[in-house]
Amino acid sequence: MPVILVTDVLVWLLAAAATGYAFYCRRHPHLAVPWARVFRSTAAMASVVVLGVYVALGLLDSLHFRPELEKKDGEQKAYSSEVLSVLDLALSHLRGRSEKTYSAPLATRSFAKEQIELPDGRQLRDFPRLRFGGAHLQDEGEWAGDVAKRMLTGIAVAAALLFLIFLVMKIIRKRRPEIPWSAAYAAIAVLALLAGPAAALSSGYHVLGTDKVGQDIFYLALKSVRTSLVIGTLTTLVLLPVGIALGIAAGYFKGWIDDVIQYLYTTLNSIPGVLLIAAAVLMMQVYIDLHPEMFQTAVQRADLRLLFLCIILGLTSWTGLARLLRGEALKLSQLEYIQAAHAFGVRDTRILARHILPNVSHIVIIAMVMDFSGLVLAEAVLSYVGVGVDPSTNSFGTMINAARMEMAREPVVWWALATAFTFMFALVLAANLFADAVRDGFDPRVRM
Amino acid sequence: MFAYIVRRILYAIPILVGVNLITFALFFIVNTPDDMARMQLGAKRVTPEAIEKWKAERGYDLPLVWNASAEGSAKATGTIFFQKSVRLFVFDFGFSEDKRDIAGEIRARMWPSLALALPVFLVGLAVCITFALLMAFFRASYLDFWGVVACVAMMSISTLFYIIGGQYLASKIWHLVPISGYAGGLDAVRFLILPVVIGVVGGIGASSRWYRTLFLEEMGKDYVRTARAKGLTEGVVLFRHVLKNAMIPILTGVVVVIPTLFLGSLLMESFFGIPGLGSYTIDAIQAQDFSVVRSMVFIGSVFYIVGLILTDISYTVVDPRIRLE
C-alpha cells in the first residue's frame, strides 16, 4: 500500500519542476548560454556527478509504502505498520541485519564483551561473534582472505562497469567536445571504485560498523541523504516566493511599501537566527505533542515535523535574498527600458513580470544554489541543539548527536561520526563547488 | 552626526516593538499558557488544578492582551502581554521557569561568553585577513589556487566536526588541555585556548575566501594601477592602498558581529562546558524554558541593532568621504 508523505510529493514536484526548467532552458538561449558556461567548468562536472548520486538516493528514498503482511488463509489483506521506501527495498539486506550493539567496521565480533555460554555449559566472558557480520565464515582466520576476495570482486565489477561507461563517454565526447567529460568520468571512477567494494563487502559484513542499537551505519548514512536534500531544497522553495515578492516589490514600488518591507526584514534579521528557529520549532513541538490525533503513523508525524522545519527555516532566511533583490530592482527601475514601458502605460504587474523578474532571475538561481550547502550544515547543528528533525528521522545531525557521546569511550567508537561527517562533507563540498560554478556562469560580478 | 545617531536609536524602537510582537505571538498565541503548562508538567493526565497552579506561580494566569475584569490602568497592565513582553523594554526579564532571576544569570554569564568570543573574533579577523592578503599577493599562482581549494574544503566541513575532532585530538590523545569546564581568573586560559583555536580555524574558510574576492576586486581598480605605475612595491600597494580601501566592505560584515559577541557561540560553549550565555540558551531550549529563550531573543536583537549603528559610525572612521546625515 503506497504511503504518500507530504515531503515526498514536494520532492517529486521539485524534481519535475527542475526537469521542466531544464527543457525550458534548452529552448531559450539567454538561459542556455550561462548554463553551458557552468557545465564547461571541470569542478562543476565532477560535483554534478556526486550530487546526481545523492539526488538519486534521495528520490528513491522518497517513494514510501507499507509492505503487505503475509496472508493467512481467508484473512483480509493486512499491511505492516512500518513505512518503507524503495531505497529500503534495495538495501533490505542492510536494513534487516542488525546486531545487538556497536561493532567496528568489517568486524566479526561485537564491540562489547558479553557472557557467552560454551557448548559444554561453561560460561565465558568474551567478545561474542556477530549475528550477521562475517557470520558466513567458519573460521575467523579466513577473514583477511575473504575481505580481500570481496574487495577485489567489487573492484573488478566496478572496473568492468567503468570500461563500459568509458566507451559510452567516447561517443558523447565527440558530440559535445567543449564539456570536460574527463572530470565527470574521474568522479564516476572514484565513486564506482568506492561503491563496488562497499557493495561486495556489505553482503557479508557491516562495512562501516554498527551503532548503539546494532543498526548498520552504512544503511543509516544512505537513509540520511534524503533528509539533507529535503532541507536543502524545500527550504529554498519556501524562501523563494517570499523573498522574490517582497524584495522586488520593495525595490520597484518604493515609498511606503519599501518602508514596510524594509522594516519587516530588519526586524526579522535582528532576531538571532538560531533563537528564532529554536523558538518557532519549540512552539511547533508543543503543538505536535498536544495533538497526537492528527497523525496516523510515527513516520507521518516525523515527516510533518521535517516539513515544518523547512518552512520555519525558509521564513527566517528570506531576508538576505529580499535585500539583494530590492537593490537590483531599485537599479533596474531607473533604466530606460523600464521608463519607456511606464511611458507606454504598461501596467505595473506586467512590467514586474516581463521586465524586472527575468532580469533578476540570475540572482535567484545563484542564491538558491548558494543556500543549499549552508542549510545542509545547519541541519546538523540544529539537531544537536535539539530543535532539528524528529529524533526518529534518519539524518546526519541525529547520527552525529547519537555518536558524539561515544568519543569518551575506550577504545573509541569513531565509525559513526566519521561516516556521518564524510557523507556530509562530500555533499556539501560538491554543492559548494557547483554553486561557485553557477555563480561564475551566471554573473561573475554578483557576490554573495 | 549626533542627530543621525539619535535618529537611528529612535528608529530602533519600532524594530524592537516588532521583535516583541513576534516573540509574543510565537510564545503565547500559537501555544497558550495552558499548552505550556501541560508540556512542563508532562502532557498526560494533568489535573486542571495543577495547570492553574503552575500558571499562577509564574504569572501566566492573566488574560493575554486585555484584562477586562481589572480596574483603571490595570486593564492594560494586568495582562501577560504587559507583564511578560513590555517589561523586556526596561530589561526587566523576570524569572525563569525554575524561578531563578534571569537578569542576574545574564550578568554572571556574560563574562565567560565574552572571554571566549572576543579572542575568537580578534584572532580570527587577523588570521583571515592575513591569509586573504597572502592569496591576493600571490594571485594566480599555485599558492593562490590551493589556498582557495583549502578554503572551499574548510567551508564544507561541519562546525561540529571541528569541535569534536579538536576535543578528541587535543584533549584525549595529546592531553594538552582539559576536555571541558571553566575556571575564573587567569586559570580560564587553560580552558579557553582550545575553543578559541577551533573557533578561529572553523571560520577561516568562508571569511578568507570572501576577503580575497574583496582584495582582488579592489586590485583591479585604476588607483592601484597608478600606484604601481609610479613605482611603489607590491607590498606597499597591498597594505597602504588595497587593504585600506577593502576595509569598508569588510567592516560591513564585521562590526555587526561585535555586540552579539556577548551572546557567545551557542555550540562552542555547550560543547566545552563554558558557563556563558550560549550554553544558557541551549540549556533553556532543551529544558523548554520559554522565559529564558524570550529574554535572549530580545537581548540578541538589541545587540544586533547596536551593531548596525556601530557599523554606520565605523564607516565614517575608515572612509572620510562618508558623512552621516
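To find a chain, count down the sequence lines: A is the first, B the second, and so on, and within it residues start at 1. Just so you know, these numbers come straight off a predicted model, no measurement behind them.
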| query | For A/Leu427, is it the side chain, the backbone, both or neither that has a heavy atom under 4.5 Å from a heavy atom of chain B? | reply | neither
| task | Take B/Ile198 and B/Tyr162 through the side-chain contact (heavy atoms from CB on, under 4.5 Å) test and state the conclusion after the steps. | result | CA-CA 6 Å; B/Ile198 290 174; B/Tyr162 288 115; 3.8 Å; yes
| Any chance CE of B/Met154 has more than 12 other-residue heavy atoms, nucleotides or ligands included, within less than 6.0 Å? | yes
| said: For B/Ser270, which atoms come within 4.5 Å of any heavy atom of chain A: side chain, backbone, both, or neither? | reply: both
| message | With a 4.5 angstrom heavy-atom cut-off, is it the side chain or the backbone of A/Val381 that approaches chain B, or both, or neither? | response | both
| query | Does the side chain of A/Thr227 come under 3.5 Å of the side chain of A/Glu379 through a donor N or O and an acceptor N or O? | reply | no
| request: Would you mind telling me which of B/Val293, B/Ile282, B/Leu267 has the largest number of heavy-atom pairs within less than 4.5 Å of chain A? | output: B/Leu267
| note | Bottom line for B/Phe298: the part with an atom under 4.5 Å from chain A's heavy atoms is neither
| said: Taking the side chain as everything from C-beta on, heavy atoms only, tell me whether A/Tyr265 gets closer than 4.5 Å to A/Leu321. | reply: no
| request: Determine the option with the most heavy-atom pairs under 4.5 angstrom with chain A, choosing from B/Ile305, B/Ile164, B/Val17, B/Leu308. | output: B/Ile164
| note | If one checks every heavy atom of A/Ile400 against chain B at 4.5 Å, the contacting part turns out to be side chain
| request: Could you pull out all residues at least two apart from A/Val190 that satisfy side-chain contact (heavy atoms from CB on, under 4.5 Å)? | output: A/Leu194
| query | Checking heavy atoms, do the side chain of B/Ile22, its backbone, both or neither come under 4.5 Å from chain A? | reply | side chain
| task | Indicate yes or no for a side-chain donor-acceptor contact from A/Thr42 to the backbone of A/Ala183 under 3.5 Å, with no hydrogens or angles considered. | result | no
| message | I'd like to know if the side chain of A/Ser373 pairs up with that of A/Asn432 as donor and acceptor (distance under 3.5 Å, no hydrogens or angles considered). | response | yes
| request: Against chain A, work out which of B/Val19, B/Thr23, B/Thr159, B/Leu16 has the most heavy-atom pairs shorter than 4.5 Å and name it. | output: B/Val19
| said: Using the side-chain hydrogen bond (donor to acceptor under 3.5 Å, both in side chains) criterion, which residues pair with B/Arg209? Sequence neighbours excluded. | reply: A/Asp436
| message | What part of B/Tyr168 gets within 4.5 angstrom of chain A, counting heavy atoms only: side chain, backbone, both, or neither? | response | side chain
| task | With a 4.5 angstrom heavy-atom cut-off, could you sort out which part of A/Phe425 is near chain B: side chain, backbone, both or neither? | result | both
